Amino acid sequence: MGDHDQDLAGRLRQAGIARGDLVGLAVAPGRTTAPVGTVAVAVSSDAGWIVTADEVAAADASLRPRWVTWSGETAARLCGCGVRLATSWDIAAVHRLLFGGWLAGPGLAWAAIHGLAADGVPAHDPGTLFAGMPSPDEEPVGPDGYLRAEWAEGGWADSESRLVRWACVALGMAREQEAALGKTALGKTAEPGAGVRLATARSESTAELLCAELAADGLPVDLEVAGRLLTEIIGPRPRNADEATRIRAERDGLVLRHAPGGATADLRSPVQVRALLRSAGIDVPDTRAWRLEQYAKVHPIVAALLEWRKAERVATTYGYSWLDACVGPDGRLRGAWTGSDGAAGRMTASAGLHNMPAVLRQAVIAEDGHVFVRADLGQIEPRVLAAVSGDRALIAATEADDLYLPVAGELGVDRPTAKVAMIAAMYGQTTGYGGQAATRMKAAYPVAMGYLDDADRQARAGHDLRTYGGRLVRMSSGDGEGVPGGESRARVVGRGRYGRNAVIQGAAAELFKMWAVTVRARGAALDARVVLCLHDELLVHVPERAAGAAVRLVGDCLAETARRWVPGPTRFLAEITTVKCWADAKPTARTGQPADTVS
DNA sequence: TGCGGCTATTG
DNA sequence: CACAATAGCCGCAG
């Protein structure tokens with residue numbers, strides 16, 4: 001074929017675009033398929049074209065530029081028309097990294113990168129709604145320097161020329177964000193390098209692509225097994241409302257039959273449960289499970305109540321209505337995914353994907369001809385602490401498969417004490433462990449403990465923090481800041497703990513996501529698909545015949561990620577197992593032959 | 001109807 | 001019970 005100059009990859013090459021270079025992308029909403037006119041690409045601030053989604057896919061396969069997207073929504077739209085990009089620069093994801101917080105729309109991201117006040121971002125005047133949407137000015141940037149509301153709020157999709165312009169704006173934004181990442185400096189301890197921040201920006205961006213795929217593909221669930229489990233725990237699926245009421249009353253009866261003198265109570269009301277327990281001679285300040293457990297042998301109603309709680313939990317949150325709402329007829333459990341949420345930028349998921357009761361994992365079963373490769377990072381938080389603080393002694397301890405053994409030796413305490421002391425340092429726990437262990441911890445690992453103490457101090461003072469990968473953790477937006485006398489001590493202490501933990505949990509999340517997107521990229525050749533991300537655990541759905549290769553690949557990806565992420569010799573390891581069912585993973589790893597590990 | 005409190009599940 | 005998250009129900013204010 002002599003017509004290669006006509007395809008998109010050829011045109012991009014002609015414009016000087018090479019593998020990994022930024023290319024602006026804008027995808028109009030509202031179509032499940034993408035004919036000409038719904039996608040625009042941009043190669044400079046004033047040059048771009050309308051193309052088809054298929055052309056983008058083909059150019060991605062042959063040239064693989066880094067596509068600039070406005071947000072995960074762009075990835076979801078492309079996913080919807082069957083296009084899965086290899087890599088991206090996601091403006092919203094990088095905005096969250098650079099500036100913290102959750103809001104990251106085009107108008108705000110534009111203002112932030114240009115140093116304009118967030119409260120000056122223009123919004124549509126609600127009064128104009130009656131007159132219809134004003135047609136967007138052909139110039140996206142207003143005289144005040146902000147993005148015009150008409151553009152930021154969707155007016156860019158109104159015509160092909162505006163769509164192209166929007167892709168051009170995206171490209172410009174990405175370049176400015178890239179430059180800003182190279183300059184950002186904040187914090188005194190172990191100031192992360194620009195290289196790490198750029199690498200983090202790229203993996204956080206590509207994680208948005210992964211999130212769109214996780215949402216679209218879902219987690220394999222065997223509906224028959226799920227139904228059987230539910231029947232065992234909460235009884236058969238009720239056929240009507242009366243039956244549902246009867247089954248519910250029967251469950252309540254198993255507790256209330258132990259009530260003295262036929263007393264009754266609404267078991268869903270903590271106040272009434274407390275009164276019920278008092279009538280049985282048990283006086284407790286609250287009715288949490290860990291507190292009631294001490295009374296399990298005092299009165300039979302306590303054990304019955306705790307049992308009821310477990311069943312009630314499944315019935316209300318993970319019952320038949322959950323299956324109906326979240327599991328498709330294709331046996332895939334689907335939820336909404338976010339790439340960086342909360343205090344430290346962890347991934348989050350809805351539909352119970354991140355907090356499914358362990359017993360229900362028995363229903364998470366690989367499809368015919370497939371298996372799961374399950375990989376679990378071991379002792380990730382103390383290892384991340386060693387890496388980001390650069391503490392030589394703690395880095396040396398990461399050489400051990402069980403990091404707490406050398407730490408215990410160093411402190412002159414037993415392993416459980418060493419573990420509690422380490423976790424206390426990272427989370428800010430102040431009760432329940434000997435102060436002597438903390439003193440020795442400071443002496444043995446002064447750099448690591450100093451890193452945590454510094455985060456704690458900065459957070460207490462209301463100063464923003466930045467993680468190793470460059471994520472801004474906002475401490476200044478909370479109320480009560482800067483009013484030393486007007487703030488309770490508990491509040492300040494709590495904020496210190498928050499900051500102390502955020503720099504560790506956040507850095508761990510960044511490492512994890514870099515690992516996840518590496519597995520996503522390398523695994524494609526094996527038809528291995530990441531189907532679940534769980535903070536320190538990856539579940540990869542893979543054809544049976546490729547299982548062995550996938551196990552090695554997941555381990556290699558961790559080694560590659562660790563090398564790229566941290567310059568020092570910190571050792572990270574993962575327990576990697578091949579299983580048919582998610583629930584099989586833990587026992588195999590604990591009691592079976594040594595799992596594949598990687599350093 | 002919205003929201004804080006309580007409770008449970010997970011990493 | 002130390003950190004993070006999602007989610008349901010109750011009780012109360014408006």
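Treat the numbers as computed from the prediction; the structure is a model and nothing was measured. Residue numbers begin at 1 in each chain, while the letters A, B, ... track the order of the sequences.
Near-neighbour residues of DNA chain C inside residues 337-354 of chain A, defined by a heavy atom below 4.0 Å, number-ordered: A:Asp341, A:Gly342, A:Ala343, A:Arg346, A:Thr348, A:Ala349, A:Ser350, A:Ala351. Across residues 308-324 of chain A, A:Thr316, A:Thr317 each have a non-hydrogen atom less than 4.0 Å from an atom of DNA chain C (numbered order).
Distance from the side chain of A:Asn501 is smallest to C:dA4 among C:dA2, C:dA4, B:dT10. Out of C:dC10, B:dT9, B:dT7, the shortest distance to the side chain of A:Pro357 is found at B:dT9. For A:Tyr427, taking side-chain heavy atoms from C-beta onward, the closest of the listed nucleotides C:dC10, C:dC3, C:dC1 is C:dC3.
For the pair A:Arg471 CZ and C:dA4 P, the computed distance is 15 Å after rounding to whole Å. A:Tyr498 places its OH atom 12 Å from the C1' atom of C:dA5, with the value rounded to the nearest Å. Spacing between atom CD of A:Glu293 and atom C1' of B:dT7 amounts to 13 Å, rounded to whole angstrom units. The distance between atom CD of A:Gln362 and atom P of B:dT10, rounded to the nearest whole Å, is 13 Å. One interatomic measurement links the two molecules: CD of A:Gln429 to C1' of C:dA4, which rounds to 15 Å at whole-angstrom precision. Put simply, CD1 on A:Ile380 is 21 Å from P on B:dT10, counting in whole angstrom units. For the pair A:Trp102 CH2 and C:dA5 P, the interatomic distance rounds to 12 Å; values are reported in whole Å. If you take CG of A:Asp376 and P of B:dT10, they are 14 Å apart, rounded to a whole angstrom.
An OP1 or OP2 oxygen of C:dG11 is reached within less than 4.0 angstrom by a side-chain nitrogen or oxygen of A:Gln272. Distances shorter than 4.0 Å separate some side-chain N or O of A:Arg288 from OP1 or OP2 on B:dT7. The side chain of A:Arg268 contributes no N or O atom lying less than 4.0 Å from OP1 or OP2 of B:dA8.
Using a 4.0 Å cut-off between a side-chain N of Lys or Arg and a carboxylate O of Asp or Glu, A:Arg571 and A:Asp401 qualify as a salt bridge. Salt bridge A:Arg361/A:Asp584: absent, no basic N to carboxylate O contact under 4.0 Å. Salt-bridge check for A:Asp402 with A:Lys419: failed, with every basic side-chain N at 4.0 Å or more from each acidic carboxylate O. A salt bridge between A:Asp217 and A:Arg332 is absent, with no side-chain N of the basic residue lying under 4.0 Å from a carboxylate O of the acidic one.
Here the shortest heavy-atom pairing between A:Leu411 and A:Ala437 reads CD1-O, 4.2 Å.
A:His95 and A:Phe99 have tilted rings, their planes meeting at an angle from 30° to 60° on a 0 to 90° scale.
Taking the centre of each ring, A:Phe572 and A:Trp515 stay at or above the 6.0 Å mark. Under the 6.0 Å cut-off for aromatic ring centres, A:His535 and A:Phe512 do not qualify, their centroids lying 6.0 Å or more apart.
Under a cut-off of 6.0 angstrom, the local environment of CD in A:Glu243 is crowded, with over 12 non-hydrogen atoms contributed by other residues, nucleotides or ligands.
Using a 4.0 Å heavy-atom criterion, one finds that A:Leu534 contacts the sugar-phosphate atoms exclusively. The residue A:Met426 sits apart from the nucleic acid: no heavy atom pair falls under 4.0 Å.
Of the N and O atoms on the side chains of A:Asp414 and A:Thr417, at least one donor lies less than 3.5 Å from an acceptor on the other residue.
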